[in-house]
Asker: 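Here it is: the structure, laid out below.
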Amino acid sequence: MVQADRERNVDCPNPIPRPMTEKHFILATAGHVDHGKSALVKALTGTDPDRLPEEKARQITIELGFAQLILQGANEQRLHIGIVDVPGHEDFVRNMIAGVGSIDLALFVVAADDGWMPQTEEHLQILTYLGVDRAVIALTKSDLGKIDGVAEQIRNQLRTTTFARSPIIPTSVRTAEGIENLKSALASEFSTMQPQRDVGRPRLFIDRAFVLRGIGTVVTGTLTGGRLHCSESVVIQPHNFDARIRSIQSHGCELENAQPGMRTAISLPDVGIGDGPARIKRGDVITVADPSASLRTNLGSGASPILAVLLEKSHRLKPKDPAARPLKNGTSVNLHHGTSRFPAKIYLLDGDALEPGRQMIAQLQPESPIFAFLGDRFVLRDASEQYTIAGGVVLDPDGDRKGFRDEEKRKLLIARAMASDDVDLCVRSEIGLRGFVAIQSILGKSHFSRVEITEALLRLQRLREIVVHGKIAANTGSWQALRNRATLLIDNALSKNPERIGFDLSQLRAALRDQAGHVFEALIEDMCSDDFVRRESMIARRSHQPALPANLRPAAAKIREALSKKPFDPPARREIESDPNAQRVLRFLIESGEVIEIASDVVLSRENFERMKNAVADFILKNGPATVSELRQALETSRRIMVPFLEHLDRQGVTRRIGDKRVLA
Ligand SMILES: Nc1nc2c(ncn2[C@@H]2O[C@H](COP(=O)(O)OP(=O)(O)O)[C@@H](O)[C@H]2O)c(=O)[nH]1
Ligand SMILES: [Mg+2]
């Protein structure tokens, strides 16, 4: 497929006999411009990552370059390392961030002749913001001298960072010194690392999109979170449209599926390149359809208009550094996430400004929605893209502008900020933030797998922190409060009208219209699993016995009398229920079965109904098929009663109409 793709550069690693385990990792270079990153990648892999003619002409990597290194790890591990070579020039920090977004290890480069430089520092801060916690340091151009002094300087700079103990390997591409050492250092680092997790939520942040003649659109990126398969239907975010993968390659090899941690090239022949509907470009994300999309409530399974985040400003920023200026509430910045960059506004939760060395909960409102997950890292640069000013982690991809200052929600976000990789905590806080959550969609935009989430739900249920009803999870307190609300509504209604068999569900729904439909259904199901019961379209306590209150008894006596005076020819319903009390009584008599509704204006007592039915049957048995008029005369009733009465018997299957006569059915 992508034969012309620049990522094709290493022969497919077959037919060497396959060792025990294959692991895939991504490494990215970082460090000051001209410190020898690209030359080092070439020395390691044989591939020159500076391949564009323009890059060659200017001798700098202006776009990400890619190469593959295969190393033998400990315990028969075969390590496939996709190398992303990032540019070092400050105009191109954007590319650097895009390359480092989903890596396992940084190859951090400092040249012996220059030592620690401003971009060395900026790249270190970016790696830290992005949560990269493993690195191998190459002390390049060792042929140019003074290794010991620079090595000490590097150790000093890294002393308080997660890279304090990372190996420092002197290298020279001129003399080939240290290249083999560097390979062994990389192999031993990767041997102890776990490959990126497959949580069934693949995302490929596109770093390049191009058209190949005869093939069509091809995009490349680093795959994380799950697998992508040939012929699979995918969704392109943030514009949320469908496409189909025709074929997949990794470093020039055709694959049936790509795994997390692989440099991946995908052909999407039906999609155009660029901006606009159903087009694809760098910064977009390839993902798969969210199975919960059908259950979408107010929460998107797609792109986020607002993110709740934990912001952090590096403690390494020196007071004179323009990047150190406190980050003020309302500032416009550039948000770098994955391979995308968007202008965004910052809203701080707990103060007017964020100082170096501090963290704060905030909201980010990108100019247009972005496709982010809980736990994603990002970097902020100033609006003119000169300085890296902060970074952070997404705490809630579906932030809520209104609820932001709510004290309870604030607590939940702070809890998440402390442990955004704790699945129990995230499930608990998710339910806390939303109230009631559809189980299927809970934490759909996170780094947790469905199984991990389901297990967390079970644990929290066992601890009685949450309840699960139908398709809903809720925290125990909120669910009980909702049940209490419903119970009160039902009890009040039935104490006002004790003669009713229950409270109308449609009225209950109207009273609880602030809840989503699936929440209401789960509520009724839960209530009816114990104390309550559904009777037709009504709900009541199981113990509820409909009974006429004393003040209605005279009205009941009057109705019974009216219905028995001329048993087969009672007055019209509207005469019987002439006032509200009579209406309530008649409804009670109907609901309790004592009275039968024949038609909208005709009611009969059950006793008289049965007698009348038998009389009709007897007459037809004795005299054969009979007309309305014959039956009316025989039973001493009127057409007003007899016509609807016979229609009622027809519906019940007692009689059948043939022409203008009735026979027994
Ligand atoms: N003497 C010497 N020069 C080197 C070495 N590595 C790279 N260079 C030179 O340093 C310059 C910048 O190298 P390059 O790999 O493009 O740096 P990058 O910007 O960090 O990718 C080039 O002219 C290289 O030839 C080395 O080990 N020794
Ligand atoms: Mg370079």
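In listed order, ligands and their atoms are each counted from 1. Keep in mind that this is a model prediction, so the values were computed, not measured. Counting begins at 1 with the first residue of the sequence.
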Asker: Any donor and acceptor pair, going by atom type alone, linking the side chain of Glu232 with main-chain N or O of His229 inside 3.5 Å?
Answerer: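 Between the backbone of His229 and the side chain of Glu232 there is a qualifying donor-acceptor contact (under 3.5 Å).
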Asker: Are any of the N or O atoms of Lys37 closer than 3.5 Å to those of ligand 1?
Answerer: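 N/O-N/O distance below 3.5 Å exists for this pair.
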Asker: Say whether Val173, considering both its backbone and side-chain N or O atoms, lies within less than 3.5 Å of an N or O atom on ligand 1.
Answerer: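 Right, the criterion is met.
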Asker: With a 4.0 Å cut-off on heavy atoms, does Leu144 reach ligand 1?
Answerer: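 The answer is yes, since Leu144 has a heavy atom less than 4.0 Å from ligand 1.
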Asker: Quick one: which ligand 1 atoms are inside 4.0 Å of a heavy atom on Ser172?
Answerer: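 In order of number, 27 (O).
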Asker: Does His35, backbone or side chain, put an N or O under 3.5 Å from an N or O of ligand 1?
Answerer: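 Looking only at distances, the answer is yes, because the N/O contact criterion of under 3.5 Å is met.
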Asker: I'd like to know if the side chain of Thr217 and the backbone of Val271 have a donor-acceptor N/O pair within less than 3.5 Å.
Answerer: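 Such a contact is found between Thr217 side chain and Val271 backbone.
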Asker: N/O to N/O below 3.5 Å, does that happen between Leu40 and ligand 1?
Answerer: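 The answer is no, given that Leu40 and ligand 1 share no N or O pair closer than 3.5 Å.
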Asker: Which of the listed options, His32, Glu177, Arg174, holds the heavy atom that is closest to atom 24 (C) of ligand 1?
Answerer: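 It is Arg174 whose heavy atom sits nearest to atom 24 (C) of ligand 1.
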Asker: Looking at Asn181, Leu79, Val136, Ile83, which hits side-chain contact (heavy atoms from CB on, under 4.5 Å) with Leu186?
Answerer: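 Of all the options given, the one that passes is Val136.
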Asker: Output side-chain donor-acceptor pairs under 3.5 Å for residues 103-114, partner residues at least two apart or in another chain, one line each.
Answerer:
| from | atom 1 | to | atom 2 | distance (Å) |
| --- | --- | --- | --- | --- |
| Asp104 | OD1 | Gln196 | NE2 | 3.4 |
| Asp104 | OD2 | Ile26 | N | 2.7 |
| Asp114 | OD2 | His35 | NE2 | 3.0 |

Asker: Counting backbone and side-chain atoms alike, is an N, O or S atom of Ser38 positioned under 2.8 Å from the Mg ion (ligand 2)?
Answerer: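 An N, O or S atom of Ser38 is closer than 2.8 Å to the Mg ion (ligand 2), so yes.
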Asker: Quickly, which of Thr171, Thr175, Val173 forms a side-chain contact (heavy atoms from CB on, under 4.5 Å) with Asp143? Name it, please.
Answerer: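 Among the candidates, only Thr175 passes.
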Asker: Could you walk me through whether Gln365 and Lys345 pass the side-chain hydrogen bond (donor to acceptor under 3.5 Å, both in side chains) check?
Answerer: CA-CA 5 Å; Gln365 185 165 27; Lys345 271 218 140 145; over 6 Å; no
Asker: Which ligand 1 atoms, with their elements, are less than 4.0 angstrom from a heavy-atom of Ala39?
Answerer: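 Ligand 1 atoms under the 4.0 Å threshold to Ala39: 6 (N), 7 (C), 15 (O).
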Asker: Taking non-hydrogen atoms only, is Asp143 closer than 4.0 angstrom to ligand 1 via side chain, backbone, both or neither?
Answerer: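 Within the 4.0 Å criterion, Asp143 contacts ligand 1 through side-chain atoms alone.
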Asker: Just distances here: any N/O of Val33 and N/O of ligand 1 closer than 3.5 Å?
Answerer: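 Val33 vs ligand 1: no N/O contact under 3.5 Å.
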Asker: Just wondering, are more than 12 heavy atoms of other shown residues or ligands nearer than 6.0 Å to CZ in Arg358?
Answerer: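 Counting neighbours around CZ of Arg358, 12 or fewer heavy atoms of other residues, nucleotides or ligands fall under 6.0 Å, so no.
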Asker: Of the non-hydrogen atoms in Ser142 and Ser172, which two are nearest, and what is the gap between them?
Answerer: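 For Ser142 and Ser172, the tightest heavy-atom pair comes out as OG-CB, 3.3 Å.
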Asker: Do His337 and Phe371 have ring centres separated by under 6.0 Å?
Answerer: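 No: the rings miss the under 6.0 Å criterion.
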Asker: Side chain, backbone, both or neither: which applies to Thr29 and ligand 1 if a contact is any heavy-atom pair less than 4.0 Å apart?
Answerer: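 For Thr29, there is no contact with ligand 1 at all, from either part.
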Asker: Flag Thr171 as yes when one of its N or O atoms lies below 3.5 Å from any N or O atom of ligand 1, and as no otherwise.
Answerer: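 In fact, backbone or side chain, Thr171 has no N or O that close.
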